[in-house]
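Scroll down for the structure; my scribbles are underneath it.
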Amino acid sequence: MRSTLTITITVIFFMGMAKTGGFLLGNASRCGVPIERVEHAGKAIHDFITVAANDPNEAVAADRRFAEIFLANTLPEPNPRAFPSCEVVRQQLERLERHHEEARKSGGTPAASPGF
């Protein structure tokens with residue numbers, strides 16, 4: 001029972017991380033953030049997923065979910081209230097970038113404190 005709960009929590013965590021990352025970066029792309037920044041942040045999110053994954057299958061599933069959400073959020077939406085403002089998206093992207101840089105400088109893993 002306990003191992004099933006642990007597996008379930010882990011899967012929810014990875015899918016949530018992938019969904020949040022895909023949502024953020026898809027909207028960043030939609031808001032005109034330079035592709036280099038989006039790609040760099042995408043690599044950081046992939047690194048978070050890889051470091052935290054218990055096995056390659058978890059990482060593959062989370063990466064797949066990330067890509068699905070990313071693509072769904074890159075398309076312009078006619079209703080501006082359907083997505084966060086570009087200012088909010090840029091702020092959250094900067095927060096992710098700062099966190100990743102701090103983790104890199106401290107020699108820790110990006111997933112050591114994924115509170116972005």
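Owing to the predicted nature of the structure, the values given are computational and were not obtained by experimental measurement. Every heavy atom of this structure was used, including side-chain atoms; hydrogens, water molecules and symmetry mates were not.
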[atom1] of [X] to [atom2] of [Y]: how many Å apart, nearest 0.5 Å?
{"X": "E94", "Y": "Q91", "atom1": "CD", "atom2": "CD", "result": "7.5 Å"}
{"X": "H40", "Y": "I35", "atom1": "NE2", "atom2": "CD1", "result": "13.5 Å"}
{"X": "L93", "Y": "N27", "atom1": "CG", "atom2": "CG", "result": "11.0 Å"}
{"X": "K19", "Y": "L24", "atom1": "NZ", "atom2": "CG", "result": "14.0 Å"}
{"X": "I45", "Y": "F66", "atom1": "CD1", "atom2": "CZ", "result": "4.5 Å"}

Has the side chain of [X] got a donor or acceptor atom that lies under 3.5 Å from a matching backbone atom of [Y]?
{"X": "E101", "Y": "E97", "answer": "no"}
{"X": "R90", "Y": "C31", "answer": "yes"}
{"X": "S29", "Y": "L25", "answer": "no"}

Report the C-alpha separation of H46 and D63 in whole Å, then their side-chain angles, then the decisive distance to 0.1 Å, and conclude whether the side chain to side chain contact (heavy atoms under 4.5 Å, CB included) test is met. CA-CA 7 Å; H46 173 74; D63 279 339; 2.9 Å; yes
Test of understanding: clusters of I, L, V, M, F, W, Y form through side-chain heavy atoms closer than 4.5 Å, transitively. Do F23 and V33 belong to the same one? no
Is there a chain of hydrophobic side chains (I, L, V, M, F, W, Y, each step under 4.5 Å between heavy atoms) that links V38 to I69? no
Parallel, tilted or perpendicular, judged at 30° and 60°: which one describes the rings of H100 and F48?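 Geometry flag for F48 against H100: perpendicular rings.
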Heavy-atom closest pair, residues N54 and E58: N-OE1, 2.7 Å
What is the minimum heavy-atom distance between A62 and A18, and which atoms define it? O-CB, 3.0 Å
Looking at E68 and R65, does any basic side-chain N land under 4.0 Å from a carboxylate oxygen?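 Salt bridge between E68 and R65, a charged N being under 4.0 Å from a carboxylate O: yes.
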Report the C-alpha distance between H99 and R95 in whole Å, list the side-chain angles of each, state the deciding distance to 0.1 Å, and finish with yes or no for side chain to side chain contact (heavy atoms under 4.5 Å, CB included). CA-CA 6 Å; H99 171 75; R95 186 176 177 199; 5.9 Å; no
